[in-house]
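Encoded as structure tokens, the structure appears first; notes follow it.
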Amino acid sequence: MLEVRNLAAGYPSGGRVLDGLNLSVPAGAIVAVLGRNGMGKTTLMRTICGLLQTSGGTIKLDGEPVSELPPHTRAQLGIGYVPQGREVFESFTVSENLTVGRIAKKGLWPKIPPHLLELFPILAERAQQRAGSLSGGQQQQLAIARALAGEPRLLLLDEPAEGIQPSIVHEIAGKLREIVDTTGLTVLMAEQNFDMVDGTADSIAFIDHGLIAEEGVAADGIRSDKVRLAKYLSL
Ligand SMILES: Nc1ncnc2c1ncn2[C@@H]1O[C@H](COP(=O)(O)OP(=O)(O)OP(=O)(O)O)[C@@H](O)[C@H]1O
Ligand SMILES: [Mg+2]
């Protein structure tokens with residue numbers, strides 16, 4: 001569904017971060033990109049959703065090139081994005097955050113779909129609470145639900161487990177798997193936390209200095225793969 005070929009991208013002050021990156025994400029799969037701090041995970045996510053321009057290579061969604069399109073057009077085509085650190089609208093209520101995620105996509109009825117609130121009951125319970133006063137785990141669920149409210153076909157998640165306690169990580173991972181299995185959503189997530197990946201992702205791609213060094217590695221049992229963990233995560 002997502003085909004990234006020979007991708008190059010970076011920052012005016014930081015030089016090229018990605019330089020020749022290749023990655024394929026099949027439809028209906030959860031693929032996790034694992035790699036150390038500073039290896040280019042966020043840069044990759046931002047480049048796919050269009051917040052960062054490519055300086056070379058191609059990004060195709062269902063065979064159509066999207067690399068030249070602005071971020072809002074990519075969102076209309078079905079790319080949803082949950083940034084690292086969540087970035088919910090803190091002064092808005094939970095309900096208002098979900099509505100913003102919903103109306104950002106043209107042609108959608110503004111009402112929040114009931115199945116979304118059933119999936120994340122804590123958000124239904126806290127609908128009128130200011131998002132900034134939610135716990136970290138609750139804010140992450142809100143950020144994911146806000147992106148899902150726009151009915152994406154491809155969801156990009158940047159370190160969804162960061163700063164979240166293990167039981168909530170398991171809960172979020174289970175929900176993600178359920179959404180993918182029931183709706184056919186495709187997920188690309190950047191992670192360093194095995195609790196989010198092991199038993200949730202279908203496969204792993206390891207990123208090393210801006211390149212995918214290995215992809216299609218089975219995610220199940222990844223925490224016992226000492227060779228790869230030492231090589232790509234210094235564990
Ligand atoms: N706005 C920026 N300007 C200049 N350089 C940047 C900028 N953002 C990131 N970089 C650099 O790009 C490289 C990749 O950073 P990136 O944030 O993509 O890594 P990451 O894999 O997401 O790391 P982490 O696990 O810490 O989130 C780093 O060397 C970083 O310093
Ligand atoms: Mg990052």
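Remember, it's 1-based here, ligands and their atoms both numbered in the order they're listed. If you're wondering where the values come from, they're calculated on a predicted model, not measured in any experiment.
Residue contacts with ligand 1 include Q192, since one of its heavy atoms falls under 4.0 Å from the ligand. Within the 4.0 Å heavy-atom shell around ligand 1 one does not find R46.
Counting heavy atoms only, T42 comes closest to atom 17 (O) of ligand 1 of the residues N37, I207, T42, L52.
Among all protein heavy atoms, the one lying closest to atom 10 (N) of ligand 1 is Y11 CE1, 3.4 Å. Closest to atom 25 (O) of ligand 1, if we only count protein heavy atoms, is K41 NZ, 2.7 Å.
Contacts of Q84 with ligand 1, taken as heavy-atom pairs under 4.0 Å, involve the side chain alone. By the criterion of a heavy-atom distance under 4.0 Å, both the backbone and the side chain of T43 are placed next to ligand 1.
Remark: the backbone N or O of A161 is not paired with any side-chain donor or acceptor of E159 at under 3.5 angstrom.
Of the polar atoms of V17, none of the N or O atoms is found under 3.5 Å from an N or O of ligand 1, judged by distance alone. The distance criterion of under 3.5 Å between nitrogen or oxygen atoms is met by G40 with respect to ligand 1. Remark: ligand 1 and M39 share an N or O pair separated by less than 3.5 Å (distance only, no angle test).
Relative to the ring axis of F206, R36 does not place its NZ or CZ within 45° and under 6.0 Å from the centre.
A donor and an acceptor atom, one from each side chain of Q139 and R86, are nowhere located under 3.5 Å apart.
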**Q.** Working for side chain to side chain contact (heavy atoms under 4.5 Å, CB included), residues Y232 and I207
**A.** CA-CA 7 Å; Y232 301 118; I207 187 169; over 6 Å; no
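Note: angle at the Mg ion (ligand 2), from OE1 of Q84 to OG1 of T42, is 80° (rounded to 10 degrees).
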